[in-house]
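Structure first, commentary second.
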There are 2 protein chains.
Amino acid sequence: MSDDGQTRAEKLASEIADAILDGTFEPGSRLDEHMLAARYGTSRTPVREALRQLAATGLIDLRPRRGAIVALVTSDQLEVLFVAMGELEATCARLSALSMTPIERRRLEVLQDAMGDLVAQNDVAAYTAANTSFHTLFYTGCHNPVISEMAIGLRRRLAPFRQAQFRAVGRLARSHAEHAVVVGAVLAGNASAAHAAMLRHVSLVEDAFEELRNVPA
Amino acid sequence: MSDDGQTRAEKLASEIADAILDGTFEPGSRLDEHMLAARYGTSRTPVREALRQLAATGLIDLRPRRGAIVALVTSDQLEVLFVAMGELEATCARLSALSMTPIERRRLEVLQDAMGDLVAQNDVAAYTAANTSFHTLFYTGCHNPVISEMAIGLRRRLAPFRQAQFRAVGRLARSHAEHAVVVGAVLAGNASAAHAAMLRHVSLVEDAFEELRNVPA
DNA sequence: CGGGGAAATCCTGCATGCAATTTTGCTAAA
DNA sequence: TTTAGCAAAATTGCATGCAGGATTTCCCCG
């Protein structure tokens with residue numbers, strides 16, 4: 001069996017979430033319970049439970065008696081989400097400056113150096129992967145699972161809109177330079193500087209997104 | 001009918017949440033599906049859906065095949081929750097300083113003055129109510145429903161642990177003085193000062209809680 | 001040819017029933 | 001007396017069926 005101790009509803013929630021995030025279910029499309037049940041080879045009951053779980057994360061919109069649709073984010077809502085994520089990431093950086101252990105600070109330093117090499121080699125794929133690790137360090141480093149889970153949830157929701165962030169020329173070097181400011185503040189234990197630096201960093205990422213978005217495809 | 005367009009599961013989630021928050025269901029106690037279904041005069045299906053919804057908010061702990069229990073917060077987790085709420089409230093203040101409308105700023109000023117009168121009269125009940133309004137102003141004033149809903153959710157979860165915050169002598173005046181700093185920063189549009197002031201304010205509230213908690217009842 | 005309304009169809013919400021797993025209680029042996 | 005083991009009871013997970021509301025379709029009228 002492929003049963004990992006999880007219940008059907010939980011696996012369904014995870015699979016449906018993946019399907020939404022990878023574009024299988026487009027924003028605004030109806031999530032028919034019968035269709036989902038047939039698609040995943042189960043009955044409607046666990047599907048309904050999974051939908052409720054997803055609705056709580058904001059990934060889908062559940063309208064009583066009118067079914068579920070994949071949450072469609074307007075431009076305004078996207079702005080709100082980006083601002084929220086920026087603030088949470090900045091908060092993670094702030095708390096990390098206050099409460100990272102020496103080992104965690106060392107890991108941050110090492111990763112920052114390694115990413116410098118990736119910039120020199122202009123290895124976009126590896127840098128993108130390392131960038132995820134970079135931010136993950138702050139999620140764990142803030143030692144506050146409540147905040148980090150909120151941030152992770154927002155990052156997941158925004159993932160589809162962040163695909164091309166390192167494509168523009170010079171982005172890598174710029175990102176790395178911004179990271180350096182954040183790392184410096186955190187290692188120095190300067191909470192407010194860490195907050196400001198991370199906020200500036202993620203705001204610039206958001207700007208990069210806006211640029212890509214406002215250019216006709 | 002008492003049906004407000006809501007579904008049974010949603011009303012159940014709300015009622016069960018209330019029952020947990022007002023102490024009807026104590027932390028750690030099992031939430032038996034049959035019992036809940038009988039108690040609220042429905043079947044197990046909507047109960048299960050409500051439980052899943054509550055689990056997403058962190059109010060209950062849902063262990064596969066082993067039932068649901070009211071989330072019991074350890075002292076450590078409580079600390080984490082208070083820190084998270086402090087950071088979110090501070091973020092709300094920060095954003096409010098940047099984006100409150102003139103009308104919202106005026107409301108804040110008016111409320112702050114009115115609360116000054118309540119302090120003079122030592123009207124704890126009215127001050128407590130006004131305090132809720134005070135914080136609500138920042139939730140709406142930050143103009144970011146994602147962040148404000150997170151903060152509201154945390155405030156709800158922490159409500160049972162904040163009951164006695166204004167009992168100690170001089171708390172009212174102190175709270176009002178701290179509010180004054182926050183209001184001043186917000187009205188001046190000083191984002192970082194607003195952040196710091198609100199953070200300090202809620203941290204002191206947390207300290208007050210700790211004092212009450214460490215004294216044997 | 002277009003619009004409004006009614007009926008039919010579809011879908012969601014909920015109850016019930018069964019299977020599987022966990023928990024509990026009892027017995028027996030060390 | 002304590003512990004290991006087993007069986008029975010209880011509880012969760014899931015499927016199915018039915019009722020009520022929403023949506024679509026189609027027909028009739030303007």
Side-chain angles (χ1 to χ4, degrees), chain A residues 1-20 24-72 74, chain B residues 1-20 24-72 74:
Chain A
M1 285 287 211
S2 60
D3 197 323
D4 305 288
Q6 294 189 66
T7 179
R8 286 266 208 296
E10 284 178 52
K11 280 196 293 185
L12 273 177
S14 173
E15 293 184 42
I16 294 174
D18 289 344
I20 291 174
T24 303
F25 298 127
E26 289 180 13
S29 63
R30 286 182 57 92
L31 292 175
D32 187 83
E33 295 180 2
H34 289 282
M35 179 270 289
L36 291 173
R39 182 181 240 267
Y40 294 103
T42 168
S43 86
R44 283 177 48 226
T45 307
V47 169
R48 287 177 57 81
E49 292 176 7
L51 289 181
R52 232 157 233 292
Q53 196 168 325
L54 291 176
T57 74
L59 207 63
I60 71 173
D61 206 4
L62 206 49
R63 306 156 310 169
R65 293 234 163 235
R66 304 188 56 208
I69 63 171
V70 179
L72 32 83
T74 67
Chain B
M1 286 287 213
S2 60
D3 197 321
D4 303 291
Q6 294 188 65
T7 181
R8 286 265 209 299
E10 285 178 53
K11 280 195 293 184
L12 274 178
S14 173
E15 293 184 44
I16 295 173
D18 289 344
I20 291 174
T24 304
F25 298 126
E26 290 180 12
S29 64
R30 286 181 56 95
L31 293 175
D32 186 83
E33 294 179 2
H34 288 282
M35 180 270 290
L36 290 173
R39 181 181 241 266
Y40 294 103
T42 168
S43 86
R44 283 175 49 224
T45 307
V47 169
R48 288 177 57 80
E49 292 177 7
L51 289 181
R52 240 163 224 292
Q53 194 167 326
L54 292 175
T57 73
L59 207 63
I60 71 172
D61 206 5
L62 205 50
R63 305 153 315 167
R65 293 243 164 228
R66 304 188 56 209
I69 63 171
V70 179
L72 31 83
T74 67

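Chain naming here is simple, since letters A, B, ... match the order of the sequence lines and numbering starts at 1 in each. Note that the coordinates shown come from a computational prediction; the quantities given were computed from them, not determined experimentally.
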Could you state the [atom1]-[atom2] distance from [X] to [N], rounded to the nearest angstrom?
{"X": "B:Glu49", "N": "D:dA15", "atom1": "CD", "atom2": "C1'", "result": "14 Å"}
{"X": "A:Leu36", "N": "D:dC14", "atom1": "CG", "atom2": "P", "result": "15 Å"}
{"X": "B:Arg65", "N": "C:dT21", "atom1": "CZ", "atom2": "C1'", "result": "5 Å"}
{"X": "B:Gln6", "N": "D:dG21", "atom1": "CD", "atom2": "P", "result": "16 Å"}
{"X": "B:Arg48", "N": "D:dC14", "atom1": "CZ", "atom2": "P", "result": "7 Å"}
{"X": "A:Ile69", "N": "C:dT12", "atom1": "CD1", "atom2": "P", "result": "13 Å"}
{"X": "A:Leu31", "N": "C:dC10", "atom1": "CG", "atom2": "P", "result": "20 Å"}
{"X": "B:Glu33", "N": "C:dC18", "atom1": "CD", "atom2": "C1'", "result": "15 Å"}

Using a 4.5 Å cut-off on heavy atoms from C-beta on, say whether the side chain of [Y] contacts that of [X].
{"X": "B:Pro64", "Y": "A:Glu10", "result": "yes"}
{"X": "B:Val47", "Y": "B:Thr42", "result": "yes"}
{"X": "B:Asp18", "Y": "B:Ser14", "result": "yes"}
{"X": "B:Phe25", "Y": "B:Leu31", "result": "yes"}
{"X": "B:Leu51", "Y": "A:Arg52", "result": "no"}

- Task: Would you please confirm or rule out a distance under 4.0 Å between OP1 or OP2 of D:dG13 and any side-chain N or O of A:Thr45?
- Result: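 Checking D:dG13 against A:Thr45, no side-chain N or O comes under 4.0 Å of OP1 or OP2.
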
- Task: Considering just the side-chain nitrogens and oxygens of B:Thr7, establish if one lies under 4.0 Å of OP1 or OP2 belonging to C:dT12.
- Result: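 The answer is no; no side-chain N or O of B:Thr7 sits under 4.0 Å from OP1 or OP2.
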
- When we call it a touch if two heavy atoms are under 4.0 Å apart, what does A:Arg30 touch: a base, just sugar-phosphate, or nothing?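 Answer is sugar-phosphate: A:Arg30 comes under 4.0 Å of backbone atoms only.
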
- So which nucleotide from D:dA15, C:dG13, D:dT12 ends up closest to the side chain of A:Thr42?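 Of all the options, the side chain of A:Thr42 is nearest to D:dA15.
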
- Task: Return the nearest nucleotide to the side chain of A:Ala9; candidates are D:dC14, D:dA15, D:dG13.
- Result: D:dC14

- Message: Closest-nucleotide mapping onto DNA chain C: is A:Arg66 or B:Arg44 further toward the 5' terminus? I mean the 5' end.
- Response: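 It is A:Arg66 whose nearest nucleotide is closer to the 5' end.
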
- For B:Arg63 and for B:Ser43, find the nucleotide of DNA chain C with the closest heavy atom, then tell me which residue's nucleotide is more 5'.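 Its nearest nucleotide being more 5', the pick is B:Ser43.
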
